[in-house]
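Below is one structure, written out as structure tokens, with a few remarks after it.
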Amino acid sequence: MIKVNYNYIKIIGLFVVVIFLFAFSNERNKTRIVGEPNIKFLGENKLFITDVNVSKLLIQNLEPVSKQPKEIIDLNKLEFALNSNPMIKQAEVFMSVNGRLSAEIEQKRPIARVHTKASYYIDDEGGFMPLSYNYAARVPLVTGNIEKNKLETVFQFAKIVDEDDFLKKHIIEIRQNDDNTIDFKIRKSDFTVHVGTLNQLEKKLNNFKAFYQKALKDQILDNYTLVNLKFDKQVICTKK
């Protein structure tokens with residue numbers, strides 16, 4: 001008479017049940033619909049692109065990801081679509097085990113706005129950033145001879161302005177001339193400040209700050225049409 005080992009039968013039975021449950025769960029997980037994505041904006045800049053804008057970029061097979069099963073979602077393609085948007089500095093897309101899709105977005109930060117035949121922002125890395133329908137940044141206007149693929153000079157100057165509290169408060173317009181020299185205008189005054197090239201720029205701007213404080217104190221800011229910083233050791237003013 002053959003002796004039956006019920007412990008082996010129990011173990012085999014339990015193993016079969018586990019495999020069945022795993023296969024069932026895996027199949028169910030594959031067909032799980034993703035649902036509305038969770039969108040999180042990182043950093044301080046959250047004004048130029050909205051949740052709705054981001055959701056419209058989360059498309060696969062010409063359909064929103066919220067209507068598709070988890071199994072077919074390609075996270076790399078979604079990340080590529082987001083990072084290709086000129087408003088977005090960096091984006092990451094990931095999915096939880098329960099099928100919740102999340103996107104973390106860092107928007108670009110504009111430091112100047114080109115206002116010529118074409119209008120667009122220059123971001124804090126010197127790149128192109130389109131204007132937003134949602135928000136207009138309060139940054140200096142850039143005028144003059146500007147080409148989208150030659151922004152280096154005006155970007156360098158705009159970067160200095162953005163990082164200096166005094167300049168950021170006062171400068172409202174940056175002009176790049178045909179010879180690549182820089183002029184600017186300040187708030188509540190109608191004179192032009194001629195910087196020239198960016199050589200010795202720190203000295204030139206310090207000279208301007210000293211001139212401004214003295215002229216403001218003496219109430220003579222409105223007496224000038226041109227303030228020339230071209231020579232780094234002095235400020236030359238042209239009276240009206």
Side-chain angles (χ1 to χ4, degrees), residues 43-45 47-48 86-87 89 107-132 135-240:
E44 298 179 359
N45 237 29
L47 302 168
F48 301 98
M87 290 282 189
K89 184 175 184 178
Q107 298 185 32
K108 291 182 178 180
R109 187 175 73 84
I111 62 171
R113 175 177 174 173
V114 174
H115 187 64
T116 54
K117 291 181 180 179
S119 292
Y120 53 90
Y121 292 121
I122 301 172
D123 70 19
D124 62 351
E125 295 183 340
F128 164 82
M129 178 180 175
L131 302 185
S132 170
Y135 182 77
R138 296 187 64 181
V139 292
L141 291 179
V142 175
T143 60
N145 185 12
I146 307 295
E147 296 181 32
K148 193 180 293 186
N149 61 342
K150 295 180 180 179
L151 298 173
E152 183 61 28
T153 299
V154 74
F155 163 65
Q156 287 183 33
F157 187 79
K159 186 74 170 173
I160 295 295
V161 173
D162 181 66
E163 294 172 348
D164 185 291
D165 290 339
F166 176 88
L167 300 176
K168 191 172 184 178
K169 176 182 176 182
H170 288 89
I171 293 180
I172 59 172
E173 181 182 343
I174 302 167
R175 179 177 179 83
Q176 182 167 278
N177 301 307
D178 292 344
D179 60 357
N180 226 37
T181 57
I182 294 293
D183 294 345
F184 67 81
K185 289 189 174 183
I186 65 172
R187 197 177 310 278
K188 297 181 180 180
S189 296
D190 59 1
F191 59 79
T192 298
V193 181
H194 181 57
V195 176
T197 68
L198 301 189
N199 293 333
Q200 301 292 320
L201 182 58
E202 184 177 357
K203 282 187 177 181
K204 292 176 181 180
L205 293 176
N206 285 337
N207 288 343
F208 174 73
K209 292 176 185 178
F211 156 79
Y212 180 88
Q213 298 295 352
K214 180 69 167 60
L216 181 66
K217 181 180 178 181
D218 295 343
Q219 298 183 344
I220 58 173
L221 282 173
D222 293 334
N223 292 355
Y224 305 108
T225 59
L226 177 67
V227 175
N228 194 339
L229 307 177
K230 182 177 179 180
F231 307 100
D232 63 341
K233 294 182 179 180
Q234 59 183 323
V235 177
I236 300 174
C237 301
T238 302
K239 289 186 176 181
K240 291 182 177 177

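The shown structure was predicted, so the numbers you read here are calculated from the model rather than taken from an experiment.
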side-chain hydrogen bond (donor to acceptor under 3.5 Å, both in side chains) involving Glu173 - partner list, sequence neighbours excluded
Thr143

Mind checking what makes ring pair (Phe, Tyr, Trp, His ring centres under 6.0 Å) contact with Phe128, not counting sequence neighbours?
Tyr120

Give the minimum heavy-atom separation between Tyr121 and Ser132, together with the two atoms involved.
CE1-N, 4.3 Å

Sequence-distant partners of His194, ring pair (Phe, Tyr, Trp, His ring centres under 6.0 Å), two or more places apart:
none

With Phe184 via ring pair (Phe, Tyr, Trp, His ring centres under 6.0 Å) - residues at least two apart
Phe157, Phe208

Strictly by salt bridge (Lys or Arg N to Asp or Glu O under 4.0 Å), give each pair with a member in residues 186-200 just once, sequence neighbours left out.
Asp190-Lys240

Partners meeting side-chain contact (heavy atoms from CB on, under 4.5 Å) with Asp124 (sequence neighbours left out):
Lys89, Arg109, Ile111, Lys159

Taking atom types as modelled, find out whether Thr153 and Asn180 have a side-chain donor-acceptor pair closer than 3.5 angstrom.
yes

Once salt bridge (Lys or Arg N to Asp or Glu O under 4.0 Å) is applied, what residue pairs with a partner in residues 195-213 remain, sequence neighbours excluded?
Asp164-Lys209

What do you reckon, is CG of Asp165 surrounded by more than 12 foreign heavy atoms closer than 6.0 Å?
no

Closest heavy-atom pair, Pro110 versus Lys108, reported as atoms and distance to 0.1 Å, is CD-O, 3.8 Å

Ser189: which residues meet the side-chain hydrogen bond (donor to acceptor under 3.5 Å, both in side chains) condition with it, sequence neighbours left out?
none

Spatial distance of atom CZ (Arg175) from atom CD1 (Ile182) [nearest 0.5 Å]:
10.0 Å

Output the distance between atom OG1 (Thr192) and atom CG (Asp183), rounded to the nearest 0.5 Å.
6.0 Å

Who are the salt bridge (charged side-chain N to carboxylate O under 4.0 Å, His left out) partners of Lys168, not counting sequence neighbours?
Asp162

Quick one: side chains of residues 215-231, donor-acceptor pairs under 3.5 Å with protein atoms, not counting sequence neighbours, listed by atom name and distance.
from	atom 1	to	atom 2	distance (Å)
Asp218	OD2	Lys214	NZ	2.4
Thr225	OG1	Thr238	O	3.4
Asn228	OD1	Lys230	N	2.8

For Asp178, all residues meeting side-chain contact (heavy atoms from CB on, under 4.5 Å), sequence neighbours excluded:
Asn145

So which atom in Ile174 and which in Pro140 form the shortest heavy-atom distance, rounded to 0.1 Å?
CD1-CB, 4.1 Å

With sequence neighbours excluded, tell me which residues meet side-chain contact (heavy atoms from CB on, under 4.5 Å) with Glu152.
Phe155, Gln156

Could you state the interatomic distance from SG (Cys237) to CZ (Phe191), rounded to the nearest 0.5 Å?
8.0 Å

I need the Gln176 CD to Ile146 CD1 distance, nearest 0.5 Å.
4.0 Å

Quick one: CD1 on Ile172 to NE2 on His170, what's the gap to the nearest 0.5 Å?
11.0 Å

